[in-house]
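Read through the structure below, which is laid out as structure tokens, and then see the notes.
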Amino acid sequence: MENQTHERLLIIDFGSQVTQLIARRLRELSVYCEIHPYQSVDDAFLADFAPKAVILSGGPDSVTREGSPRAPQSLFDLGMPVLGICYGQQTMMTQLGGKVVSGEGTAEFGRAYVTPEGSLDLLEGWFEDDKEQVWMSHGDHVSEIAPGFEVFGTSPNAPFAITADVSRQFYAVQFHPEVHHTPNGSKLYENFIKLAGFTGDWTMGAYREQAIEAIRQQVGDKKVICALSGGVDSSVAAALLHEAIGSQLTCVFVDHGLLRLNEAEEVLSMFRDHMNLQVIHAEEQELFLGELEGQSDPETKRKIIGKLFIDVFQKYANEIEGAEFLAQGTLYPDVIESVSFSGGPSVTIKSHHNVGGLPEKMGLKLVEPLRELFKDEVRALGVELGLPASFIGRHPFPGPGLAIRCPGEITREKLEILRKADAVYIDQIRKHGLYDEIWQAFVAILPVRTVGVMGDGRTYDYACALRAVTSVDGMTADYYPFSHEFLGETATRIINEVQGINRVTYDITSKPPGTIEWE
Ligand code: XMP
């Protein structure tokens, strides 16, 4: 198992929607942790993983149901600290001899307030205002605590909101300390890891050394190819691989003609000149734009681009003799999703474009050096590897590029106009110091021409929409509340500086119900 050199915490997942947030809170505290579904955690797993402490997550089931999930019973005999959260608390109580009941008005959903009873080391820094706001989400509750436990906090519907068996370092809370709505929740995790003896040895510097070693071990003297998009994930993966195996790495940068102004030059100069990587520039603009001609259906456009991307990548990769590995910038959230037992992949809203399926098709093995990291950790690693902060902090850019910002039919003329308008818009955002506050900002060129008047003449040009959103992970988003002054100034600049646009609108749709991109 990887990362044996770090102190490790194990999160046993019972299927809560917010288990990932527990991992986030712990990583923020420099503690290495992994989430594993309860079915895969048995005695052998525990011995192999060798955690220093264990957290039992929440979950949708009821411990009162026969056959409902349990932690391995042996966990409680290993002498290590355990923290049970919500469902985790309830199974812990049940397994240690307490009782949980369903129904009878025991449910609590949403904000609640916990008041203290006695003092507990886990609660250091809590209850400075007599009570703490917490987030509850439970139908069942503990009606009888297990032998050895004492109560340290109660809420109106959870008489055993916080309990502990101090001598065994078993802690149990009914609420979710990992969510935003438990404002002081991080403090509770901080206290828990302190009590468990963690020193906080999970730093990017340490990770970098260890990841490099792991890549060298996996790859040996073989060659690796990597699809470099210029986005944060593939860029950091490429930089890390380059540091580990130098010239054994070749990157392929597929230029589909749907990039932003100067994007290809910037990415190539960064990686070839500045970082000395071997990068093949696959100039396939004609191929992509040719195949897209006359297509206006969003899914068709995406499918064409996705298929061509794979064909092109494969063509160039085949020319790299002796390549045995394909590098991918897979992140931890993707890994967790794929093992989660609580539900399959959600409904496909749009076909996202990636190189899935390629490794099997080409007989390549995968190297995924970022698969233990969250997005912000990837950014920190990028900075650690010497990528400029301005490059690492760039807004995400989708694989299909400008194709999905050009609703309807794509033409070279529209793409040219769109590139220019987008560059002016981003320049405006940077000049006003707003770039880092915004998750993503871009222009979409609309399949509509409108009448205008400029000077003494009539114009009949394209309308465009400006989009800017704030988001934590791209899953949900709010439109950015620009001032009218900013919007007015930007519209004037775009209309004056970009020939072909005579009307500017601002998209004020949040996600949901909208998506971030227009297609
Ligand atoms: P939506 O439009 O689905 O976008 O709200 C959410 C985030 O995903 C990006 N996006 C993509 N990224 N390939 C990608 O690599 C794609 O096909 C794709 N479609 C959307 C989008 O830019 C936003 O950050």
Side-chain angles (χ1 to χ4, degrees), residues 226-238 251-260 263 267 288 291-292 295 297-313 327-331 333-334 337 345-358 368 370 374-376 378-379 392-408 410 418-419 422 425-426 429 435-446 465-480 507-519:
C226 174
L228 180 67
S229 69
V232 175
D233 304 344
S234 71
S235 296
V236 174
C251 296
V252 179
F253 177 67
V254 177
D255 191 339
H256 47 24
L258 299 158
L259 299 169
R260 288 166 293 188
E263 185 153 22
V267 171
F288 280 85
E291 294 277 319
L292 285 168
Q295 301 293 346
D297 174 65
E299 271 303 288
T300 311
K301 282 156 69 175
R302 278 175 173 275
K303 293 235 159 76
I304 291 174
I305 297 168
K307 180 188 171 294
L308 286 180
F309 188 93
I310 290 182
D311 291 350
V312 164
F313 182 74
Q328 268 185 3
T330 316
L331 304 192
D334 312 323
E337 231 152 73
S346 49
V347 188
T348 306
I349 309 282
K350 302 169 184 175
S351 325
H352 270 225
H353 139 128
N354 58 33
V355 287
L358 247 193
E368 296 178 304
L370 310 180
F374 286 95
K375 190 85 177 180
D376 55 330
V378 172
R379 293 206 167 100
I392 290 300
R394 287 189 318 162
H395 292 169
F397 185 64
L402 300 181
I404 58 176
R405 297 177 178 177
C406 189
I410 299 168
L418 175 55
R419 279 193 188 99
D422 194 73
Y425 181 43
I426 298 298
I429 290 175
Y435 191 84
D436 294 336
E437 276 177 42
I438 293 171
W439 163 267
Q440 219 170 350
F442 57 86
V443 176
I445 184 162
L446 306 184
L466 310 181
R467 182 87 166 124
V469 295
T470 54
S471 176
V472 178
D473 50 15
M475 303 292 286
T476 59
D478 289 312
Y479 74 86
Y480 187 79
D507 177 358
I508 54 164
T509 320
S510 290
K511 173 183 178 174
T515 50
I516 296 176
E517 303 290 347
W518 271 53
E519 284 193 339

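Indexing begins at 1, ligand by ligand and atom by atom, following the structure's order.
- A cation-pi contact links Arg405 to Phe442, judged by a cut-off of 6.0 Å to the six-membered ring centre and 45° from its axis.
- Heavy-atom contacts of Pro400 reach the following atoms of ligand 1: 13 (N), 16 (C), 17 (O) (cutoff under 4.0 Å).
- When the heavy-atom distances from atom 24 (O) of ligand 1 to Arg467, Glu517, Lys511, Gln440 are ranked, the shortest goes to Gln440.
- Annotation: Gly399 places an N or O atom under 3.5 Å from an N or O atom of ligand 1; distance criterion only.
- In terms of polar-atom proximity, defined here as any N/O pair under 3.5 Å, Arg405 makes no such contact with ligand 1.
- Which parts of ligand 1 touch Thr515 is read off a 4.0 Å heavy-atom cut-off, strictly below it: atoms 1 (P), 2 (O), 5 (O).
- A cation-pi arrangement is present between Arg260 and Phe397, with the terminal nitrogen or guanidinium carbon under 6.0 Å from the aromatic centre and inside a 45° cone about the axis.
- At least one heavy atom of Arg302 sits closer than 4.0 Å to an atom of ligand 1.
- Where the criterion is an N or O separation shorter than 3.5 Å, residue side chain and backbone included, Gly474 fails it with respect to ligand 1.
- Using a cutoff of 4.0 Å between basic side-chain nitrogens and carboxylate oxygens, Lys511 and Asp478 are not scored as salt-bridged.
- Shown are Asp233, Val232, Val236; of these, the side chain to side chain contact (heavy atoms under 4.5 Å, CB included) with Arg379 is made only by Val232.
- Among Asp422, Val443, Ile429, the single residue meeting the side chain to side chain contact (heavy atoms under 4.5 Å, CB included) criterion with Leu466 is Val443.
- When each of Glu291, Glu517, Glu519 is checked for a salt bridge (charged side-chain N to carboxylate O under 4.0 Å, His left out) with Lys301, only Glu519 meets the rule.
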